[in-house]
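Accompanying notes for the structure given below.
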Amino acid sequence: MDFPFTPRYIPMNRRRRIYEGKAKILYEGPEPGTLIQHFKDDATAFNNKKHAVIDGKGVLNNRISEFVFNQLNALGVPTHFIKRLNMREQLIREVEIIPLEVVVRNVSAGSLSTRLGIPEGTQLPRSIIEFYYKNDELNDPMVSEEHITAFGWASPQDIDDVMALAIRVNDFLSGLFLGVGIRLVDFKIEFGRLWEGDMMRIVLADEISPDSCRLWDQSTGDKLDKDRFRRDLGGMLEAYQEVARRLGILNDNSGPAPTGPTLVQ
Ligand code: C5P
């Protein structure tokens, strides 16, 4: 006999897990075409060679990513984000992930500095977009548009859409962070295909948080991102809290007042 109704609330241990990544888990959502994105406290770097659990990181990333995706949605940048559900989870649209990590750089740092010998902190002549093939076994190798189209990971039209959206996201994020005294050095985003009947749209997916961005304090140059973990600088959680506080997300009474300018909304 068929169960007479579909419960809208599915207890966490009964939910079907669709995918588990290093920092997030995707569960089946309450409606067809939706998923629940759960933020874990795990921090990993160098393709999982380094791992730690940072209590509370998932909660902060959930909140910061919600804030950014809500604003992008409001600006007309299509995203997978629907709403935050609780401290660690958000409801998202199910999309077909394009297997690319799209990195946008404004200032040289990290692998660009290593690869091309450009000192970290050098302002780039213009924003640069790079593509990496999402494949842990291969260490996410950098690829060109030629590889992407030849191997069918995305069409030339998809790439045009991805690049146009990446530039819009960069413009928005650069301004957002500049307004709270933070320099957006670079970031990684992912995209998915959202099917509505026969129509397909490319939408921003995954997350935007200090795990996936390089954020430097405008005046001191302090790193407020995952490089604190990668480079053993300590104070990772405090840095993420500082980003959230400056964005006006945490109404934290316990800490000192933010030193940078506050966001005018
Ligand atoms: O390491 P690299 O300099 O190439 O990283 C560029 C940007 O992409 C950084 O902001 C980094 O946090 C982000 N990134 C990421 N996930 C990866 C690789 C890079 O979020 N797997």
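In listed order, ligands and their atoms are each counted from 1.
- Listed by atom number, the atoms of ligand 1 under 4.0 Å from R105 heavy atoms are 2 (P), 3 (O), 4 (O), 6 (C).
- A salt bridge (charged side-chain N to carboxylate O under 4.0 Å, His left out) with R214 is found for one member of D186, D222, D225 and no other, namely D186.
- Within the 4.0 Å heavy-atom criterion, the part of D140 lying near ligand 1 is the side chain and not the backbone.
- Around atom 1 (O) of ligand 1, the closest heavy atom drawn from R214, K188, E130 belongs to R214.
- Of the candidates K226, R115, E101, K22, it is E101 that places a heavy atom closest to atom 18 (C) of ligand 1.
- Taking every heavy atom of D211 and a limit of under 4.0 angstrom, the matching atoms of ligand 1 come to 12 (O), 20 (O).
- F229 carries K50 over the face of its six-membered ring, with the cationic atom under 6.0 Å from the centre and within 45° of the normal.
- Proximity to G110 (heavy-atom distance under 4.0 Å) selects the following atoms of ligand 1: 3 (O).
- Heavy atoms from other residues, nucleotides or ligands lying under 6.0 Å from CE of M142 number more than 12.
- Nearest protein heavy-atom contact of atom 12 (O) of ligand 1 is R230 NH2, 2.8 Å.
- The nearest protein atom to atom 7 (C) of ligand 1, hydrogens excluded, is given as D186 OD1, 3.5 Å; this is a heavy-atom distance.
- Taking 4.0 Å as the cut-off between side-chain N and carboxylate O, K226 and E207 do not count as a salt-bridged pair.
- Using a 3.5 Å distance cut-off with no hydrogens or angles, the side chains of E66 and N62 do not pair a donor with an acceptor.
- Classification of K40 and E20 as a salt-bridged pair holds, one side-chain N sitting under 4.0 Å from a carboxylate O.
- Remark: of the listed residues D42, N48, D211, D136, D136 is the sole one forming a side-chain hydrogen bond (donor to acceptor under 3.5 Å, both in side chains) with K22.
- Proximity annotation for atom 4 (O) of ligand 1: of A45, P210, S111, S111 comes nearest, heavy atoms only.
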